[in-house]
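Note sheet for the following structure.
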Amino acid sequence: MSTVGDQPAEEWAEQQAEHETDPQAQYQVEPLAENLIERLAQRAFSGADLAALLTLEEPAAVAQLHRAAYDLTTHEVGDAVYYRGLIELSNRCIRDCYYCGIRRGNHAVERYTLDQEAVVEAAVWAAHAGYGSCVLQAGERQDEPFTAFIEACVRDIKQQTRSAQLPQGLGITLSLGEQSAETYQRWREAGAHRYLLRIETSSPTLFARLHPPEQRFERRLKALEDLAACGFQVGTGVMIGLPGQTIADLVADIRFFASHAIDMIGMGPYLTASGNAMPDSDAATMAPERLLTLTLNMIATTRLVLRDVNIAATTALQTLVPDGRERGIACGANIVMPNITPTVARSHYQLYVGKPCLDEGREACRGCLERRIRAVGRRVGRDAWGDSKHYARRL
Ligand code: SAH
């Protein structure tokens, strides 16, 4: 098999077309190639290497993989973990992603949208707490009042968070789905500089099974291109353990990250959502222990291949196990997204079952999280944006 490094997008597309999802082959443990563990510091991994790393289960080998990814993180991006205070500003959504608890078709959800004052207040709180950045996330909407609302929130946050510590204000990441290039441009000009849009899976076949027909894989690819063209630092990612997903799909996901302009990665386990519409939801849910190992192996392997990107330890990982974020950091993640959404709204933004900290205020999380980060030998990167080194290098 060919190796994965800085591969052009056309090559990725060709390889992608070659492999078809084979549900029979789901998550079989791959034989470990000779010397693979000794070769963890190398720059180019074959597809077979990646498959073997993802399926490692033997505790000593898993520990070596995770340690190598942790050390490479220290070497490439440093020992700081950066915070992005997460503001879930609305659960209204025009999309119907089958896996998601706030999809349009889930009528059991009480819908809300925070007002500008509440959004900006949360961001100002983050700035005072030393978090250098915030993320504005919501269900997807494409109407003009929403576009203008986001634009106004971004400008207001920028204005109100400039200080001696943060001369350019809080770093703002948006996570608001597929939009036109013009909308992305408007939000970029308002002052947001990073954008998260997960590809969810790089397999067009699997993507089609997870979404209604009008949500097209090609459209998502185009949105990622538009974001890069607007000058955003671009984040993407996938869910791990999706029904019907194979190890070959996850290998292809890593190839995808390496061959597109991707600066940040957020990946988490696929979790059951209440009111979901997954076609085969009960068929292939993985046992939590295996799902945890696979997710951590995916983070570690992605770090070894992508090297200087930012990688988030996600809320979904923390949902799977209470110490999920630290475990993610211990195997190559360098970003966490503490939830700073006003407590009244949190319970209405449940993408999946079991979301943690629903009743907790932002203050409660602060000390607790910092202790957890220190416990894995990292420090908190305070009053700084913590931008992706990969972005700076790809310009
Ligand atoms: N509307 C925005 C934000 C989506 S929510 C957008 O479309 O980008 C952010 C991420 O949560 C999604 O991209 C998806 O990967 C993840 N997510 C949604 N439902 C999930 C589930 N059931 N299990 C795990 N992750 C889920």
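In listed order, ligands and their atoms are each counted from 1. All values reported here derive from a predicted model rather than from experimental measurement.
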Heavy-atom pair of closest approach, residues [X] and [Y]:
X: Tyr349; Y: Lys355; value: O-NZ, 2.9 Å
X: Arg209; Y: Tyr98; value: O-CD1, 3.4 Å
X: Leu224; Y: Gly235; value: CD2-O, 4.3 Å

How far is [atom] from its nearest protein heavy atom, and which residue and atom name does that atom have?
atom: atom 19 (N) of ligand 1; result: Tyr99 CD1, 3.4 Å
atom: atom 26 (C) of ligand 1; result: Met239 SD, 3.5 Å
atom: atom 11 (O) of ligand 1; result: Leu351 CD1, 3.5 Å
atom: atom 9 (C) of ligand 1; result: Gln137 NE2, 3.6 Å

Nearest-0.5 Å distance that lies between atom CG in Leu304 and atom CD1 in Ile299: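 If I round to the nearest 0.5 Å, the distance is 12.0 Å.
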
Hey, does [X] come in under 3.5 Å of ligand 1, counting only N/O atoms on both sides?
X: Tyr349; result: no
X: Glu200; result: yes
X: Arg198; result: yes

Pull out every atom of ligand 1 sitting under 4.0 Å from any heavy atom of [X], numbered as shown with elements.
X: Ser175; result: 2 (C), 3 (C)
X: Gly177; result: 2 (C), 6 (C), 7 (O), 8 (O)
X: Cys100; result: 19 (N)

Closest candidate by heavy atom, reference atom 24 (C) of ligand 1, pool Pro269, Gly268, Ala316: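 Residue with the shortest heavy-atom distance to the ligand atom: Pro269.
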
Among Thr314, Leu176, Leu271, closest by any non-hydrogen atom to atom 22 (N) of ligand 1: Leu271

Residue part near ligand 1, for Cys97, under 4.0 Å between non-hydrogen atoms: neither

side-chain contact (heavy atoms from CB on, under 4.5 Å) evaluation trace for Gln137 with Leu89: CA-CA 6 Å; Gln137 189 179 82; Leu89 62 89; over 6 Å; no

Sub-6.0 Å ring centroid separation between Phe256 and His260: yes

Tyr99 and His211 aromatic centres sub-6.0 Å: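 They qualify: ring centres under 6.0 Å apart.
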
Under the side-chain contact (heavy atoms from CB on, under 4.5 Å) test, residues paired with Thr147 that sit two or more places apart: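 With neighbours one apart ignored, the set is Glu144, Thr183, Arg186, Trp187.
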
Residues forming a side-chain contact (heavy atoms from CB on, under 4.5 Å) with Glu57, sequence neighbours excluded: Val29, Arg290

Heavy atom of Ala138, distance to ligand 1 below 4.0 Å: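 The answer is yes: ligand 1 sits under 4.0 Å from a heavy atom of Ala138.
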
